[in-house]
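Report on the following structure.
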Amino acid sequence: MSDQIKFIVDNLNKEPFRKNYNLITFDSLEPMQLLQVLSDVLAEIDPKQVVDIREEMPEQTAKRMLSLLGILKYKPPGNATDMSNFRQGLVIGSKPVIYPVLHWLLQRTNELKKRAYLARFLIKLEVPSEFLQDETVADTNKQYEDLMEAFKTLHKECEQLKTSGFSTAEIRRDISAMEEEKDQLIKRVERLKKRVETVQNHQRMLKIARQLRVEKEREEFLAQQKQEQKNQLFHAVQRLQRIQNQLKSMRHAAADAKPESLMKRLEEEIKFNSYMVTEKFPKELENKKKELHFLQKVVSEPAMGHSDLLELESKINEINTQISQLIEKKMMRNEPIEGKLSLYRQQASIISRKKEAKAEELQEAKEKLANLEREVSAKTNQTREFDGTEVLKGDEFKRYVSKLRSKSTVFKKKHQIIAEFKAEFGLLQRTEELLKQRHENIQHQLQTIEEKKGISGYSYTQEELERVSALKSEVDEVKGRTLDDMSEMVKRLNSLVSEKKSALAPVIKELRQLRQKCQELTQECDEKKSQYDSCAAGLESNRSKLEQEVRGLREECLQEESRYHYTNCMIKNLEVQLCRATDEMKAYVSSDQQEKRKAIREQYTKNIAEQENLGKKLREKQKAVRESHGPNMKQVKMWRDFEQLMECKKQCFLKQQSQTSIGQVIQEGGEDRLIL
């Protein structure tokens, strides 16, 4: 906590605050002063927050600060149950609440300035759906959303330009360099003009050179245009191929389609859509309205304390016990008719649930299909944008597979070489192990020979003796040097000790006298301290009692003020509702037809009548379609038979033409004769 306060004080003493606080003065600030400091810090982040809180109501101050902290995405420490304590502490200026807020704000001031600036333009205003039905309101809302998206893109571009590394000094340097190059080019042009003026027919030569340059530029432009047209032709050919493939697939799908299957499919879609419109969507809308009504009711009620929650829990437990008792009584009665009805009800509810689940699955499948189609089109567009070609098909895919096979053969060869290297490495490791084993065997044979000769460990002891003798000689040299040094050091220390003793003798005498005085002063200090502690304890207890009384009175005052404001708001809401109800009654009762048309009841009755008329027309259309279905199907069948008959006649005519080489057909009197 002390580190936190120190960080806050250091930042408040810097620019742009310059408060000149220290730890003691900052800790002794009153709640109103602390709230003013918090308001100043918020005003530095958002200039709209420049307010003197003495001229503002406490509820408005708390609402303003909480809204800005919500925009800045500040999360208070603790869980959701501590939010009421956080709001209350912010209203009364509690130090445990305000210190963490100040620490969080001062840690990331620049980031929060940017967030507050963006929030001014990117927090979307929620417009109710009934207002969006008006065309002007909908157009305005769409323009507002388009402007918001444009602001996002412009802000991103601005940030990219800021971070791209371009500076004004570099741009000025480039401009000055370009101006120098321009001056040099002007001078060179003037020199060339002077040279050309001495040549005969220089005007004609210049004209020809100008025409040559224009023709070259035109040639380059035509070559570029030719390349663009080639690319367009290539893309057009690819588009034509794609459209032809789509046409083939659609023809293939249409070849299998029959009127019966199309009618069945359309009837299924109509049934599904009618179920969604008449049953599913109204239920969901009703549930949403109930949830909204419940949430509005919860919001309109005052904040509940722990005692209110306990009372509600006790009421819920009582109601649950009553429900269980009623269920037991119903089970004890065990009426057979109600049992059968309950079975049917259960079956109907199960079927309705299955129906809803299948409808939801169908809706989800349709959404997935649409999403997948969008993804496929997006992926094809991306591949087209990357390399300007379609997805690999046919011969191109075969070539790609052959390339992969060649690469796989190269990979296998490299992998085989690596395996050979690994095998060679294993052989080398094995030879190393064998050499180590051979060395150990030779050492073992040497030890056995030494044991046979009666000099076991001779080689080892000889090596150890040589090593120990070398170490002993080094240690002896070091000992000789250290003994001489130690004797000289002892002499010096003895002389220093005798000098210090003679110098400290008078100081020791003074120290004894000062010790006696110190003991006397410590006794007096202990007595005075005990008196001070007793007096301070009494004053502290009185101060704590007074602080508790003041805190309780402040809380009562705040509660009464909040209750007063709440009742005022409820009265205003009721007045508005009463005014709306009186206006509706006046419009409904008045003899003026225009006033009656403005009434909500009249509008709803008009909409209901229009929908009923529309439903009647649709039912009549459905009836006409059902009645004409059978004759239409017969007519289709007759048309098919007629087509078969004509096809048969065509085949007969073709056969007749092919048989002219065999004989001659003569028609006389409605008869056909074949003459060979």
Self-check item: All salt bridge (charged side-chain N to carboxylate O under 4.0 Å, His left out) counterparts of K283, not counting sequence neighbours
Solution: E356
Quiz item: Any salt bridge between K358 and E361, counting N to O under 4.0 Å?
Solution: yes
Quiz item: Got a second to check how far L66's CG is from I71's CD1, nearest 0.5 Å?
Solution: 11.5 Å
Practice problem: From the options L112, L68, N110, select the one residue that forms a side chain to side chain contact (heavy atoms under 4.5 Å, CB included) with I45. | Solution: L112
Exercise. Go through the structure and list residues passing salt bridge (charged side-chain N to carboxylate O under 4.0 Å, His left out) with K48, not counting sequence neighbours.
Key: none
Quiz prompt | E286 with K289: basic N within carboxylate O range, under 4.0 Å | solution = no
Practice problem: Output all residues satisfying ring pair (Phe, Tyr, Trp, His ring centres under 6.0 Å) with F653, sequence neighbours left out; order by chain, then residue number. | Solution: none
Quiz item: Should the heavy atoms of other residues, nucleotides or ligands under 6.0 Å from CD of Q416 be counted, would the total exceed 12?
Solution: no
Self-check item: L38 vs L105 side-chain heavy atoms within contact, under 4.5 Å
Solution: yes
Self-check item: H235 NE2 to Q238 CD distance, which is reported to the nearest 0.5 Å
Solution: 7.0 Å
Self-check item: Partners passing ring pair (Phe, Tyr, Trp, His ring centres under 6.0 Å) against Y117 (at least two apart in sequence or in another chain)
Solution: F121
Quiz item: Do T321 and N317 touch side chain to side chain, with heavy atoms closer than 4.5 Å?
Solution: no
Self-check item: Separation between NZ of K572 and OG1 of T567, rounded to the nearest 0.5 Å
Solution: 10.5 Å
Self-check item: Residue pairs, two or more places apart or on separate chains, that pass ring-ring contact (aromatic ring centres under 6.0 Å, His included) and touch residues 615-639
Solution: W639-F642
Quiz prompt | Which residues share a salt bridge (charged side-chain N to carboxylate O under 4.0 Å, His left out) with K63, sequence neighbours left out | solution = none
